[in-house]
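Fair warning: this is a prediction, and the values are worked out from it, not measured in the lab.
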Amino acid sequence: MSDKKNMRVIAADPLRFAMMARLCSKGTALLFAVLMVVFYVIAYKLCAAMEGAAVIAACGTLGAAILTAFAWRAVAREDAPVIVLLCLAALSMLAVGAHLAMLDIKPGRYTKVLEPLLGDMWNYELVTAAAWEDDGWSGVYLLILALLSRIETFSWLYALKLIDMICQCVAAGAVLRLALLRGAKVYGAIAAMFCAVLAPTMLMNAGVWAQCDATFAMFALWGLALLLSDHPMSGCVLWGLALGTKLQSAFLFPLLIVLFMKNRVQLRHVLALAASAFLCQIAIVLDGQGIMSMITRYAVQLENARWDLGLSDGMPNVYKLMVVASTREFSGMGLYLGIACAMLVVGALLRTKRELTNDVLLLGALLLACGLPLILPQMNARSLYLATMLGFACAGNARRMIAAFLIEFISLWAYMTGIFGYEVVPVTILALLAIGAAVLVMLELFEIIFVKKSEEAPCA
């Protein structure tokens, strides 16, 4: 009787039955493949007038596949029906489509800086291009640019933006993983992942500014996720790659002291971090510039930034609140003050008698990522990129959501000033809001680690 009843239900409303069905692993894989093929065809049709439409559609499909795979894997334990899987796939395609829609925007930074640089690199061997000395470029960024300079039949601008899009999709998967590690519900973690792809600053970073911050963020966030999952070797190697990509990844490195003291990281893991960071710069040695040139590459960047950019390059930090702030005095003081503040966070985490859960460590990472750019000199308008993604991963209550919103808001208007040179919100207001966001995160963290067990509310 039950079989006959099911047949009557299917016959009466087949579409509803299909949407509410639960697929087995093979059925899920087949649906995934069909959706990606459909998306490729649609993307190819929409990009037909663009140079290299097939490559663009393939990269877009790869990005959509990455986001969909992360989302579907997260809901696998929920036994989600087909309609949920389709909605998640549609969101992934929408997120990728938003990035593809910005491919034709040619920012001034690309025209004035990147295009001439790639043209100059094309005249040299790959090793020499990957060890470029001018302006103190570093590691993975240089390797990506050197490889792009070899391309002759595809737009360099498109290639740069597509690489950033794929890296951002992978980094968004790390945001989802971090949210799950701190105990977030599945759909909340998925929402954080899509925020990390569709937030205005994430779209503008490459689409309007031709930056590629998603590369270092991808390594830094997945390294943090692996460290919190008790995979210290893999996590430290990824942090080494992040350091070899961009110095700002070092915002999170004070957590290594905490993990080391809690016996979750060993000396060999730290050495692996250093080795992977140096290997990112090995082209400098192969080009004949010497080991010291490789070691001091970041020192060259900092020295150039000290006099070319001053105390702040569009970053709304404490220096924007000062009427008079001399680079000569405050640059060194800001560095020491930043190190001191990082050590205070480390000391607070080690001082607590409470268990250092993944949630606590993730909040500590967010505090470092959003607090240090307020104090350190030579920070630019993109210095909150990592903090923005961590803010989405941490947003689990009202206070954290407000902090995440503030970080994104501050970063967005700093981007507007940096890209278009138009100050929508006064920088002093943004600086005060940035300080407020850091204070919110600090209060959230310290409330957890210093609350007495006797003051805890009983579990329901």
Side-chain angles (χ1 to χ4, degrees), residues 136-142 171 174 178 211-228 232 235-261 265 267 269-281 294-306 309 311-313 315 317 331-347 349 361-390 438 441:
W137 293 77
S138 59
V140 176
Y141 278 154
L142 266 182
L178 288 169
Q211 302 287 352
C212 205
D213 291 289
T215 309
F216 96 92
M218 172 184 67
F219 293 132
L221 292 173
W222 271 111
L224 179 60
L226 289 170
L227 285 168
L228 297 184
C236 284
V237 168
L238 287 182
W239 270 14
L241 295 177
L243 180 61
T245 307
K246 192 166 186 176
L247 187 56
Q248 286 181 16
S249 59
F251 290 163
L252 304 183
F253 284 15
L255 287 181
L256 283 175
I257 301 174
V258 179
L259 296 173
F260 181 82
M261 295 304 295
V265 168
L267 180 59
H269 304 137
V270 179
L271 293 176
L273 186 156
S276 59
F278 282 135
L279 286 175
C280 291
Q281 313 270 18
M294 178 178 69
I295 295 174
T296 59
R297 180 56 66 97
Y298 282 131
V300 173
Q301 288 185 12
L302 293 174
E303 187 63 24
N304 291 341
R306 180 180 182 185
L309 305 180
L311 289 172
S312 176
D313 182 25
M315 172 64 198
N317 52 20
S331 61
M333 185 197 72
L335 179 61
Y336 293 130
L337 186 58
I339 295 173
C341 290
M343 292 303 101
L344 286 174
V345 176
V346 170
L349 292 173
L361 292 171
L362 194 55
L363 277 173
L366 175 58
L367 179 57
L368 291 168
C370 71
L372 290 180
L374 302 179
I375 304 168
L376 293 173
Q378 286 89 53
M379 293 292 101
N380 56 50
R382 296 172 288 112
S383 295
L384 291 176
Y385 188 94
L386 191 58
T388 302
M389 285 201 161
L390 285 171
V441 177

(message) With rounding to the nearest 0.5 angstrom, report the SG to CG distance, Cys341 to Leu372.
(response)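 That separation rounds to 7.5 Å.
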
(request) Kindly compute the distance separating CG (Leu344) from CD1 (Ile339), expressed to the nearest 0.5 Å. (result)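 The CD1 atom of Ile339 is 12.0 Å from CG of Leu344, to the nearest 0.5 Å.
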
Least distance between heavy atoms, [X] atom then [Y] atom:
{"X": "Pro254", "Y": "Leu368", "answer": "CB-CD1, 4.0 Å"}
{"X": "Gly139", "Y": "Gln281", "answer": "N-OE1, 2.9 Å"}
{"X": "Gly371", "Y": "Ala438", "answer": "CA-CB, 4.3 Å"}
{"X": "Leu349", "Y": "Leu255", "answer": "CD1-CD2, 3.9 Å"}
{"X": "Cys236", "Y": "Val265", "answer": "SG-CG1, 4.4 Å"}
{"X": "Ala171", "Y": "Leu221", "answer": "O-CD1, 4.0 Å"}

(request) Please identify each residue that fulfils ring pair (Phe, Tyr, Trp, His ring centres under 6.0 Å) with Phe253, with sequence neighbours left out. (result)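 For Phe253 the ring pair (Phe, Tyr, Trp, His ring centres under 6.0 Å) partners, ignoring immediate neighbours, are Trp239.
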
(request) Using the test side chain to side chain contact (heavy atoms under 4.5 Å, CB included), find all partners of Val140 that sit at least two apart in sequence or belong to another chain. (result)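 Here the qualifying residues are Ile144, Thr215, Phe219, Thr245, Cys280.
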
(request) Only one of Leu361, Leu238, Leu390 passes side chain to side chain contact (heavy atoms under 4.5 Å, CB included) with Leu224; say which it is. (result)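 Answer to the side chain to side chain contact (heavy atoms under 4.5 Å, CB included) test with Leu224 among Leu361, Leu238, Leu390: Leu390.
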
(message) Name the residue from Leu384, Asn380, Leu376 that meets the side chain to side chain contact (heavy atoms under 4.5 Å, CB included) definition with Met315.
(response)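 Going through the options one by one, the only one that passes is Leu384.
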
(message) Quick check: do Leu374 and Met379 have side-chain heavy atoms less than 4.5 Å from each other?
(response)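 No; the side chains remain at least 4.5 Å from each other.
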
(request) State, with a plain yes or no, whether a side-chain heavy atom of Cys370 is found less than 4.5 Å away from one of Val441. (result)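 Yes, close enough: below the 4.5 Å cut-off.
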
(message) More than 12 heavy atoms of other residues, nucleotides or ligands under 6.0 Å from CE of Met343: yes or no?
(response)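 Enclosed: over 12 neighbouring heavy atoms sit under 6.0 Å from CE of Met343.
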
Sort and list the pairs that fulfil salt bridge (charged side-chain N to carboxylate O under 4.0 Å, His left out) and have at least one residue in [range], not counting sequence neighbours.
{"range": "residues 365-376", "result": "none"}
{"range": "residues 238-257", "result": "Asp213-Lys246"}
{"range": "residues 362-371", "result": "none"}

(request) Could you list the residues that satisfy side-chain hydrogen bond (donor to acceptor under 3.5 Å, both in side chains) with Gln248, not counting sequence neighbours? (result)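 Once residues adjacent in sequence are excluded, the partners of Gln248 under the side-chain hydrogen bond (donor to acceptor under 3.5 Å, both in side chains) criterion are Ser383.
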
